[in-house]
Amino acid sequence: MSTNETGGRLNVPGTPIFDGQTSRRGLRLNKMLMSFRSAENRERFAADEAAYCAEFQLAPEQTQAVLDRDWTAMIDLGGSIFYVYKLAMMDGRSMQYLGGVFTGMTEEEFLAELRAGGRRG
C-alpha cells in the first residue's frame, strides 16, 4: 500500500479504491444506477438504455460501459459496487458473477474459491 505516488490517495495495486474523488467522478452514474430501486425506472431503462443514460448526463465512456455491461469499466469510472450490482441484478447476474469478473474467474470458479474458504495469498 502506498500514498506517495498518488498525491495522498491510497494505492493498493489491483484494487479500485472508492474515495471522495472517485465518488465525485461517478456521481451521475451512481445516481442513475440507484434509480433502479424503482420498478418504473427499471422498465424505462429497459425500453431505451441509451436514452435513460442521457437523462442522467453520463459521460460518454460511462454510457458505453453501461451499454456494454463492462462491469470493470463502470467501477473504474466511479461506479460504486453496490449500485453497479443493481444493474447486474436486472440482467439476472449474481454478486458471485461480479466477483468472478473482478478477479478474472468464472462465476463457478469464484464460488468454488468461496466454498474453499476464500483466496489464499
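If you read the sequence from its start, that first residue is 1, and numbering goes on from there.
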* In terms of heavy-atom contacts, does CZ of F45 have more than 12 from other residues, nucleotides or ligands at under 6.0 Å? -> yes
* Please say which of E107, M105, E113 ends up in a side chain to side chain contact (heavy atoms under 4.5 Å, CB included) with Q96. => E107
* Measuring from M32:CE to L27:CG, what's the distance to the nearest 0.5 Å? -> 12.5 Å
* Asked: Any side-chain heavy-atom pair from L87 and M74 closer than 4.5 angstrom?
  -> yes
* **Pairwise side-chain contact, E109 with T103, heavy-atom cut-off 4.5 Å (strictly under)** => no
* Can you name the ring-ring contact (aromatic ring centres under 6.0 Å, His included) partners of Y85, sequence neighbours left out? -> none
* To do: Measure the CE-OG distance between M89 and S94 for me, rounded to the nearest 0.5 Å.
  => 11.0 Å
* **F102 side chain near I75 side chain, heavy-atom distance below 4.5 Å** => yes
* To do: Taking N41 for its side chain and F36 for its backbone only, find out whether a donor-acceptor pair lies under 3.5 Å.
  => no
* Asked: Taking side chain as C-beta onward, heavy atoms only, is E108 less than 4.5 Å from F110?
  -> no
* Donor-acceptor pair, side chain of R42 and main chain of M90, under 3.5 angstrom -> no
* Tell me whether the guanidinium CZ or amine NZ of R93 lies under 6.0 angstrom from the six-membered ring centre of Y97 and within 45° of its axis. => yes
* Hydrophobic cluster membership, L98 vs L67, 4.5 Å side-chain cutoff -> no
* Asked: Can you name the side-chain hydrogen bond (donor to acceptor under 3.5 Å, both in side chains) partners of S35, sequence neighbours left out?
  -> Y52
* Of all the heavy-atom pairs spanning G79 and N30, show the shortest one and how long it is. => CA-OD1, 3.4 Å
* Point-to-point distance, once rounded to the nearest 0.5 Å, from NZ of K86 to CG of L33 -> 9.5 Å
Check: residues 53-61 side-chain donor-acceptor pairs under 3.5 Å, at least two apart:
{"unit_1": "E55", "atom_1": "OE1", "unit_2": "R44", "atom_2": "NH2", "d": "2.4"}
{"unit_1": "E55", "atom_1": "OE2", "unit_2": "R44", "atom_2": "NH2", "d": "2.5"}

* Ignoring hydrogens and angles, tell me if any N or O in the side chain of D70 forms a donor-acceptor pair with the backbone of Q64 under 3.5 Å. => no
